[in-house]
J.: 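Here's a structure for you.
Convention: sequence-line order gives letters A, B, ...; per-chain numbering from 1.
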Amino acid sequence: MTFADLLLQQTINGLSLGAMYALLALGFTLVYGILELINFSHFNVFMVGSFVGLWVLQQFGLSGQEIVLAGLPLVGVLLAAFVVTMGVSGGIGVAIERLCLRPLRNVKGPAAMITTIGVSYILFNIVLLTVGADSKNYPNPVPAIHYHIGGAVLDLRVILIWIVATILMLGLYFFVQRSRLGKAMRATAQDAEAARMMGVEVDKVIIMAFFLGSALAGAGGMIFGLYYNFTSFLIGFTAGLRAFTAAVLGGIGNVPGAMVGGILIGLIEAMSAQFLATAWTDVIIFSILVLVLVFKPSGLFGRIAPTKS
Amino acid sequence: MLLEFKDVDTHYGDLHVLKKVNYSIEKGEIVALLGGNACGKSTTMKTIMGVVRPTRGQVIFDGQAIEKLPTAERVRRGIAPVLEARRLFPRMTVFENLEMGAYLRKRGPEFDQDIERVYALFPRVKERRDQIAGTLSGGEQQMVAMGRALMARPRLLCMDEPSMGLSPIFVEQVFDIIQAINRSGTTIFMVEQNANMALSIAHRAYVLQTGQVVLSGAAEELRRNPLIREAYLGEMQVGATT
Ligand SMILES: Nc1ncnc2c1ncn2[C@@H]1O[C@H](COP(=O)(O)OP(=O)(O)OP(=O)(O)O)[C@@H](O)[C@H]1O
Ligand SMILES: [Mg+2]
């Protein structure tokens, strides 16, 4: 492989990882934008989403890498798996908000954030105790078709991941930008009290933010499984922290920023794994987190600083 | 009677702000609420909107007690605010801000008609409809804030210091428009520091002092009241000549 081939290959890999981080980063940003809350339970909603996707694929009789589908059955199975995964994950997000965070809505200080850490560990342990500590083989129904671009390889599976992620991100973007509820979400993020006095029911908006963010995290969790061919109760923390970095990098609270930040973090991970060493990936990513927080706390595109003003 | 406060008390924690306050506002009136800083004027507005809940007393709108209703329901019944310091949604466009004013209403011919009405009242707003609201001048923001409130088709418009930070000529324009809005049938309850201007367009006024109504009556009478002249109008006239 020439250097150009390596670069292209890592760009392909980076875009796949980046799509996953972007989906996950959106959940941090949506909730932060409205509540100024860093929702650490999001890490493990992603992890649970990955298991929900696994379960749905198994219901279709898929296991391991042997059973391959094509055409309509493939699209149908993937569609069903994504829809169920996103619905369940979104529901978990809503439940977390209703049961654990809403009672703390008017409590000042870090109580809500600490609660999200607690919820994160609860989800983590529930999965550990029910499905076990060993990592699970993730079924992959996509035919092993490879396209060669120079020396680089592009899998059909990767193309499908890109398509799904692009649809979800565009869908979210247009929802937030154009729909009535999306506008209410933006208005609430910019001035919650004024939005309320326009007739916006702020609690509904908060539920929507948790639902959408968690649903996207679930989709991200399924993409993790499809991409790496495994899942485990452990996957939430690393991916979650990287996606959180992506949200901060793009300017936490900023929806397009989270998408771009996610893609950038994915590319950085892929490049550092290729040209440095995998072991250094987190050093680089978290150095970026620290540098952004120190020198440009509002992120690359952000207008919302991650401090209360 | 469109709006009535009956012995309303409000608290922020231990801070007792409104104390046994009574207001009554008839349909079609412009009523001014005057008073010094921190006496509870904005708190009055927030109590009408339901952002602050009274700890005692009743708020009656159109014959029904509303003090326990959520804010959205009050908006639905026809109360809309022009908030202190405009409070536009700074990163939304002017048009989106107007849309937020009509949040609880259906899109359709009525909505389009109301947008046109706002554009007719404020041609400047039409010119700037695609601009990000946070980049407007203070005067332009005030026009958008008023337009946004009108988009709710309110029966009662609650304005908190509409003249704040505006140049004298512009203040006159704003007050002309307030009168025009009133003539078209909207009742107006207006907080003002600019007592002179407020009393020149209001039918009646209340004077609030540390959370209590200390004076009320026809605007004309209050204008002649020596207490008012000293406390509010005197200051304003000095301010206006410098
Ligand atoms: N959310 C709040 N929490 C605690 N105290 C508050 C809150 N809002 C207002 N106050 C206090 O209540 C008192 C009345 O405030 P309010 O905003 O009603 O005054 P105002 O008459 O509108 O004054 P100004 O002319 O300066 O706008 C003030 O002492 C203020 O500090
Ligand atoms: Mg005030």
J.: Would you check if the side chain of A:Q190 reaches a backbone N or O of B:R91 as a donor-acceptor pair within less than 3.5 Å?
T.: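 Checking the backbone N and O of B:R91 against the side chain of A:Q190, a donor-acceptor pair under 3.5 Å is found.
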J.: Could you measure the distance from the CE atom of A:M197 to the CD1 atom of B:I48? Nearest 0.5 Å is fine.
T.: 11.0 Å
J.: Please classify the contact of B:R148 with chain A as side chain, backbone, both or neither, using a heavy-atom distance under 4.5 Å.
T.: side chain
J.: In terms of heavy-atom contacts, does NZ of B:K6 have more than 12 from other residues, nucleotides or ligands at under 6.0 Å?
T.: no
J.: Return the CE to CG distance between B:M100 and A:D191, rounded to the nearest 0.5 Å.
T.: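 One finds 10.5 Å between CE of B:M100 and CG of A:D191.
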J.: With a sphere of 6.0 Å drawn around OH of B:Y12, does it hold more than 12 non-hydrogen atoms of other residues, nucleotides or ligands?
T.: yes
J.: Is it true that a side-chain atom of A:R196 and a backbone atom of B:G50 form a donor plus acceptor pair closer than 3.5 Å?
T.: yes
J.: Would you mind telling me which of B:M49, B:K46, B:M92 has the largest number of heavy-atom pairs within less than 4.5 Å of chain A?
T.: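 Sorted descending by pairs with chain A, the first entry is B:M92.
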J.: Quick check on the structure: residues of residues 95-109 of chain A within a heavy-atom distance below 4.5 Å of chain B, by number.
T.: none
J.: Got a sec: does the CZ of A:R178 have more than 12 other heavy atoms crowding it under 6.0 Å?
T.: no
J.: For A:Y173, is the OH atom crowded, meaning more than 12 foreign heavy atoms sit under 6.0 Å from it?
T.: no
J.: Just so I understand: if I count every heavy-atom pair under 4.5 Å between each of B:P81, B:P70, B:A80, B:G134 and chain A, which residue has the most?
T.: B:P81
J.: Roughly how far, to the nearest 0.5 Å, is NZ of A:K183 from OG1 of B:T93?
T.: 7.5 Å
J.: Is it true that B:E99 and A:R180 have a side-chain N and a carboxylate O under 4.0 angstrom from each other?
T.: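 No salt bridge links B:E99 with A:R180.
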J.: With a 4.5 Å limit on heavy-atom distance, are the side chains of A:T188 and B:F89 in contact?
T.: no
J.: How long is the gap from CG on B:L83 to CE on A:M198, to the nearest 0.5 Å?
T.: 5.5 Å
J.: Which heavy-atom pair separates A:G199 from B:A72 by the least distance, and what is that distance?
T.: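 Result for this residue pair: O-CB, 3.4 Å.
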J.: Is the number of heavy atoms from other residues, nucleotides or ligands within 6.0 Å of NZ (B:K68) greater than 12?
T.: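 Open.
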